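First up is the structure itself, then whatever we jot down about it.
All values derive from a computational prediction rather than experimental measurement.
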Amino acid sequence: MVTPLKSVEARGGLDRAAVFFATCAYTSLIPLAVLRRLPWKLSTAKWSGCGLMGSICGTATYLLLPAYWARSPWAFLVGTVFAVGISGRAEIVLGQHDDSRIVIDEWIGAWIAAVTAPHAFGLAVVVSFVLFRIFDVIKGPLGPLQRLPGGWGVVMDDVGAGLLAAAVVHFLPFAR
């Protein structure tokens, strides 16, 4: 059962904050709102567009932060632990494991994916974004990470996808 966000408004401040951060300041809700307003009905079971919004937020974080922070292993560690805690709480509030509206996992994964690209918008950043989305959707050997408990299961497959994308981009000749 998917909990409507209106029921979140009645909860405490900590729960509201968890949903706010988990949805990347509610940006993950934009594609769902657009899909609901289309004159023809599309199934959102396979694609909701939410993860795309979280990935855009993660890439934007990489580009907007100063290079020192954008590439800092400490920032990734703190961001990952924050994402695990927030997504775990948001799962409880929203009432569904790995709810599609929770995109903080894509945020941290896309940010990690961009780390080997130059710290400026360009082809390498776009390639890191696209590779991250591919690895995130396909899962492959990262799929079992989704079975980890709570927020760890939400976040760690995306961290793995981000690391894979960063490794590939590192070896591309135009990414230096």
Side-chain angles (χ1 to χ4, degrees), residues 1-37 44-65 69-70 72-115 128-129 132-139 142-166:
M1 180 187 119
V2 176
T3 304
L5 286 184
K6 288 183 184 194
S7 67
V8 173
E9 293 171 6
R11 300 182 71 108
L14 191 60
D15 289 345
R16 287 192 306 270
V19 172
F20 176 81
F21 287 113
T23 59
C24 195
Y26 303 116
T27 59
S28 70
L29 306 179
I30 295 169
L32 291 172
V34 170
L35 288 174
R36 283 191 199 110
R37 286 176 175 75
T44 58
K46 290 281 186 192
W47 185 83
S48 66
C50 296
L52 180 65
M53 294 304 291
S55 300
I56 290 169
C57 290
T59 303
T61 299
Y62 174 74
L63 293 170
L64 294 174
L65 283 176
W69 288 107
S72 168
W74 292 109
F76 298 137
L77 180 62
V78 169
T80 300
V81 170
F82 180 73
V84 167
I86 290 294
S87 61
R89 186 65 197 163
E91 276 188 325
I92 293 167
V93 172
L94 297 173
Q96 184 174 337
H97 176 66
D98 206 357
D99 189 298
S100 66
R101 297 172 290 182
I102 299 173
V103 296
I104 196 167
D105 51 331
E106 280 86 6
W107 168 76
I108 191 69
W111 180 11
I112 290 171
V115 74
S128 73
F129 176 87
F132 169 71
R133 292 302 303 145
I134 290 169
F135 294 146
D136 183 35
V137 170
I138 293 174
K139 301 289 184 225
L142 302 172
L145 293 173
Q146 291 181 304
R147 292 192 291 270
L148 291 171
W152 293 102
V154 176
V155 173
M156 293 314 291
D157 65 308
D158 295 276
V159 168
L163 290 170
L164 281 173

With Ile138 via side chain to side chain contact (heavy atoms under 4.5 Å, CB included) - residues at least two apart
Ile134

Side chain to side chain contact (heavy atoms under 4.5 Å, CB included) partners for Ala166, two or more places apart
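By the side chain to side chain contact (heavy atoms under 4.5 Å, CB included) rule, Ala166 matches Val115, Thr116.
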
What are the two closest heavy atoms between [X] and [Y], and how far apart are they?
{"X": "Ala114", "Y": "Ser128", "answer": "CA-OG, 3.6 Å"}
{"X": "Ser28", "Y": "Cys50", "answer": "O-SG, 3.1 Å"}
{"X": "Ala113", "Y": "Ala165", "answer": "CB-CB, 3.7 Å"}
{"X": "Ala161", "Y": "Leu142", "answer": "N-CD1, 3.4 Å"}
{"X": "Ala110", "Y": "Ser55", "answer": "CB-O, 3.4 Å"}

Quick one, [X] and [Y] - any side-chain contact, counting heavy atoms below 4.5 Å?
{"X": "Tyr62", "Y": "Ile112", "answer": "no"}
{"X": "Leu145", "Y": "Val159", "answer": "no"}
{"X": "Asp136", "Y": "Asp157", "answer": "yes"}
{"X": "Leu77", "Y": "Thr80", "answer": "no"}
{"X": "Pro31", "Y": "Met53", "answer": "yes"}
{"X": "Ile56", "Y": "Phe129", "answer": "yes"}
{"X": "Ile104", "Y": "Cys24", "answer": "no"}
{"X": "Gln96", "Y": "Arg101", "answer": "no"}

Quick check for you: to the nearest 0.5 Å, what is the distance between [X] atom [atom1] and [Y] atom [atom2]?
{"X": "Leu163", "Y": "Asp158", "atom1": "CG", "atom2": "CG", "answer": "11.0 Å"}
{"X": "Asp15", "Y": "Arg89", "atom1": "CG", "atom2": "CZ", "answer": "4.0 Å"}
{"X": "Ser87", "Y": "His97", "atom1": "OG", "atom2": "NE2", "answer": "9.0 Å"}
{"X": "Ile86", "Y": "Ile108", "atom1": "CD1", "atom2": "CD1", "answer": "12.5 Å"}
{"X": "Leu65", "Y": "Ser72", "atom1": "CG", "atom2": "OG", "answer": "10.0 Å"}
{"X": "Phe82", "Y": "Phe21", "atom1": "CZ", "atom2": "CZ", "answer": "4.5 Å"}

Donor-acceptor under 3.5 Å (Thr23 side chain, Phe20 main chain):
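Such a contact is found between Thr23 side chain and Phe20 backbone.
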
Just by distance, do the side chain of Glu91 and the backbone of Asp98 share a donor-acceptor pair under 3.5 Å?
yes

Stepwise side chain to side chain contact (heavy atoms under 4.5 Å, CB included) test for Cys57 and Val103:
CA-CA 9 Å; Cys57 290; Val103 296; over 6 Å; no

What side-chain hydrogen bond (donor to acceptor under 3.5 Å, both in side chains) pairs are there with at least one residue in residues 103-113, not counting sequence neighbours?
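The answer is Thr61-Trp107.
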
